[in-house]
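What follows is a single structure, written as structure tokens, with notes after it.
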Amino acid sequence: MAEARWYTVHTYSGYENKVKANIEKTIENRHLEDQILEVWVPMQDVVEVKNGVKKQVQKKMFPGYVLLNMVMNDDTWYVVRNTRGVTGFVGPGSKPVPLTEEEMKALGVKRVEMEVDFDEGDTVTVTGGVWKDTVGVIQTMNRSKNTAIINVELFGRETPVEIGFTEIKKM
């Protein structure tokens, strides 16, 4: 599978949050969670002075743009490109250009590689969250999202649950 990269999408001005919500809904409906990992509208804290009163508000860093951490393929390109409010990917013609590591570092996004001592098929104990102290067997691991799907017993049946690596300890 190809590696997920950050891409920039141009939107109608003022539609950034609506586009983000629409893409997230499409990801959920089409089960693309493993291909489109994150949708982000970068915000920054700004102090505004109105009528002599200072007020801290959040403003969009890049009005008209949304950032996506995704694996680029025909399906993901089509889903994003045909989302209402999206005018296109940033790049020459119809070829999206991923952001570089340096560009992402400037935005405060760093790649974190987490080393874990468990793998698919291992029995683990959940150490936090709703499933705390639950024991399960790892079915699949998504290293780019730092998550694993484990089977836990719920009402006498094996049920798959997605858990973050920070919440798992090998038995």
Side-chain angles (χ1 to χ4, degrees), residues 1-51 53-114 128-131 139-151 154 159-167:
M1 185 167 153
E3 183 181 341
R5 307 277 309 266
W6 283 96
Y7 294 89
T8 308
V9 174
H10 189 263
T11 67
Y12 294 131
S13 186
Y15 279 71
E16 299 88 355
N17 292 326
K18 186 77 168 160
V19 166
K20 178 181 190 259
N22 287 343
I23 291 172
E24 287 173 342
K25 192 65 161 168
T26 304
I27 292 168
E28 186 180 319
N29 290 341
R30 293 189 180 210
H31 305 290
L32 295 172
E33 294 89 352
D34 60 335
Q35 295 178 44
I36 302 176
L37 308 177
E38 191 174 348
V39 184
W40 183 38
V41 178
M43 305 289 273
Q44 64 184 352
D45 291 327
V46 177
V47 177
E48 282 186 348
V49 179
K50 282 190 178 177
N51 300 327
V53 178
K54 287 185 179 181
K55 189 176 182 183
Q56 188 160 349
V57 295
Q58 285 208 317
K59 293 253 185 184
K60 293 178 185 82
M61 289 174 75
F62 309 110
Y65 295 94
V66 175
L67 300 179
L68 295 162
N69 188 11
M70 61 186 269
V71 175
M72 183 59 69
N73 59 38
D74 290 342
D75 292 338
T76 56
W77 181 89
Y78 180 84
V79 164
V80 174
R81 184 67 186 86
N82 290 296
T83 299
R84 184 178 301 223
V86 171
T87 59
F89 281 93
V90 172
S94 62
K95 175 118 176 71
V97 176
L99 294 169
T100 64
E101 292 286 326
E102 292 78 33
E103 290 169 327
M104 292 310 297
K105 281 182 187 170
L107 295 174
V109 177
K110 297 179 206 93
R111 170 172 268 186
V112 177
E113 290 292 327
M114 185 178 287
V130 179
W131 298 98
Q139 298 304 308
T140 59
M141 293 179 63
N142 186 337
R143 294 187 189 282
S144 61
K145 285 176 66 177
N146 290 339
T147 61
I149 295 180
I150 65 171
N151 272 354
L154 182 66
T159 306
V161 176
E162 187 174 45
I163 305 288
F165 286 170
T166 58
E167 300 176 321

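If you're wondering where the values come from, they're calculated on a predicted model, not measured in any experiment.
- Between W40 and W6, the ring-plane angle classifies as perpendicular under the 30° and 60° cut-offs.
- Taking the side chain to side chain donor-acceptor pair (under 3.5 Å) definition, one finds that K60 meets it with nothing, sequence neighbours left out.
- P42 and F62 get closest at one heavy-atom pair: CG-CD1, 3.9 Å.
- Side-chain atoms of E33 and E162, non-hydrogen and from C-beta on, never get closer than 4.5 Å to each other.
- Between the CG atom of L99 and the CE atom of M104 there is a distance of 6.0 Å, given to the nearest 0.5 Å.
- With rounding to the nearest 0.5 angstrom, the OH atom of Y78 is 10.0 Å from the OG1 atom of T83.
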* Could you please spell out the steps behind the ring-ring contact (aromatic ring centres under 6.0 Å, His included) verdict for Y65 and H10? => CA-CA 5 Å; Y65 295 94; H10 189 263; 4.9 Å; yes

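- In this structure, I36 and T26 have side chains that are not in contact, with every pair of non-hydrogen atoms separated by 4.5 Å or more.
- The minimum heavy-atom distance between A4 and N69, with the atom names listed, is CB-OD1, 3.6 Å.
- Panel note: side chain E16, backbone G64; a donor-acceptor pair is recorded below 3.5 Å.
- Contact of the M72 side chain with the P96 side chain is registered, since non-hydrogen atoms from C-beta on lie closer than 4.5 Å.
- Y15 meets the ring-ring contact (aromatic ring centres under 6.0 Å, His included) test with Y12; sequence neighbours excluded.
- Rounded to the nearest 0.5 Å, atoms CD1 (I150) and OG1 (T159) are 10.5 Å apart.
- A donor-acceptor distance shorter than 3.5 angstrom exists from the side chain of T76 to the backbone of V71, with no hydrogens or angles considered.
- Side-chain contact between I23 and V79 is absent, with no heavy-atom pair separated by less than 4.5 Å.
- Contact check on K20 versus E24 returns a salt bridge, with a Lys/Arg side-chain nitrogen under 4.0 Å from an Asp/Glu carboxylate oxygen.
- Minimum heavy-atom separation, R84 to N22: O-ND2, 3.7 Å.
- Around the CG atom of D74, the shell of radius 6.0 Å holds no more than 12 heavy atoms that belong to other residues, nucleotides or ligands.
- With E103 contributing its side chain and T100 its backbone, the two residues share a donor-acceptor pair below 3.5 Å.
- Within the 4.5 Å cutoff, no side-chain heavy atoms of R30 are placed close to those of D75.
- Between V97 and G91, the closest heavy-atom pair is CG2-CA, 3.9 Å.
- Distance NZ/K59 to CE/M43: 9.5 Å, rounded to 0.5 Å.
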